[in-house]
Amino acid sequence: MAEVCVLGLGYVGLPTASLLANAGFKVLGVDLDEHIVTALRSGKCRLEEAGLSTLVSAAVNSGNLVAGMKPEPSSVFILCVPTPVTQQHTVDLRAVEGAARSILPHLKKGDLVILESTSPVGTTRNVVGKILSESGLQPGRDFHLCYCPERVLPGNTVNELVNNDRIIGGFSPECAARAEAVYERFCQGKITLTDDRTAELCKLMENSSRDVNIALANSFARIAEDAGINAWEAIELASLHPRVKILKPGPGVGGHCIPVDPWFLAESFPSHTALLKSAREINDSQSERLLDRMLKSGALKAGDKIAVLGAAYKADIDDARESPALHFCDAARKQKLTVAVHDPHVRPGDHHGLVSSNDLPACLNGAVAAVLLTEHKTYRSLTPEFLKQHMKGRLLADARNALNHAAFRTAGFTVLVLGDGRVAGTH
Ligand code: SAJ
């Protein structure tokens, strides 16, 4: 019998299962995708994350981590399954419900069930707890039930899983104390106990707050563009104020968390979420605005090719879920432009074929314009000579303020920088 059963072996479940196994627990990792299970059985991990493959292979080689497609009896069940948002901006809890149902036959007195997936307020008790009550066992009385949100930053997952402070929300204080005994085996951050509903709201507040703050930076970028000012400089100067810290503008907000989570609050509390909805709209329309500026430059016409540099939603990761590149490509194709997307990390087969190639010259070849959407390290050293060698045209848009604009302008490029409204040649 496993001591811990982790359901969902994605960006959070896999490192969590591995850390628990390396901390000495007998762990069963469960996923419905047989490719993930097969890969894990041979000690491999498909995710590109610093330190993750070493962690996974150590856990598998120790014999403490095994993989399967179905849960088995265990003392602890941790649910790390996706909670996506639908086209109508409502939460899709089918994976949580399915995971809860899959452990129902195995649940026994004294077990601990933890939900980690980001979820609307009340999901732990009203969805997971309710389903598990069909066993005749009650949360808080017969088994322990908790909500323990993850807070890790993709790209730094392993480090943050160990070192971030953690919140544990218990259905009862006893439930929370039981979960604390599990997490403290690998978590070196401060662990604070609360109730399940507060922990659920807390997680949604964290990501909504970041979304709103990015939308604020993007609004400032729009103002600066209209006013003929460089927002990047203005933001840096405003952030010298001791109580002001403005985030960076960009082509929008991607990933599976920040663009999704505010909708959970909007769905449950429509009267109090005008600010959150407005932030979503601003962030979602950023890449289309950039395309508009490119079109207004007059350098592009129907049929022309644009090279999109960067499909991942942020620098130096291989994840393109909800990436601004998806919005940009859709908008460009609507304008009858041909789009070729390059990314050094995202595989061409992933994300419905978003990435055309991992070969940069092939992507740039014959392009009239190039647009940098993700500031991957490899792009920072791009030179005008390299782009000139492969591109047909000389339009360059930089959504991350990451390139040496002066060098490109000197080499004859028209350079549009998101958030910089100054007229070329005046700076
Ligand atoms: N972005 C900007 N400007 C900024 C910062 C970010 O445009 O100044 C963009 C990024 O380019 C990216 C998006 O926002 O497209 C999100 O990136 P991120 O690094 O802010 O966050 P995520 O989605 O990778 O991870 C977030 C984190 N939440 C917070 O910082 C509050 C992480 O701690 C959570 O664990 C994670 O969501 C999650 O799983 O919920």
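Starting from 1, each residue takes its place in the sequence as its number. Indexing begins at 1, ligand by ligand and atom by atom, following the structure's order. Everything numeric in this text was worked out from a predicted model, so none of it was measured.
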Search all heavy atoms of G155 against all heavy atoms of I317 and return the closest pair with its distance.
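Here G155 and I317 meet closest at CA-CG2, 3.7 Å.
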Go through the steps to decide whether H342 and Y379 satisfy the test ring pair (Phe, Tyr, Trp, His ring centres under 6.0 Å), and finish with yes or no.
CA-CA 11 Å; H342 173 266; Y379 295 146; 5.7 Å; yes
Applying side chain to side chain donor-acceptor pair (under 3.5 Å), name anything that partners K26, two or more places apart in sequence or on another chain.
N64
Mind jotting down which protein residues get a heavy-atom contact under 4.0 Å with ligand 1? Chain and number order, please.
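Close residues (ligand 1, cut-off 4.0 Å): E150, R151, V152, L153, P154, K203, E206, N207, R210, I214, L247, K248, G252, V253, G254, C257, I258, Y313, K314, R400.
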Do we get R185 above F25's six-membered ring, with its NZ or CZ under 6.0 Å from the centre and within 45° of the axis?
yes
Can you tell me how the ring of F413 sits relative to the ring of F408, calling it parallel under 30°, perpendicular over 60° and tilted otherwise?
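If you compare the ring of F413 with that of F408, the planes turn out perpendicular.
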Centroid separation under 6.0 Å, is that true for the rings of H256 and Y11?
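Yes; H256 has its ring centre under 6.0 Å from that of Y11.
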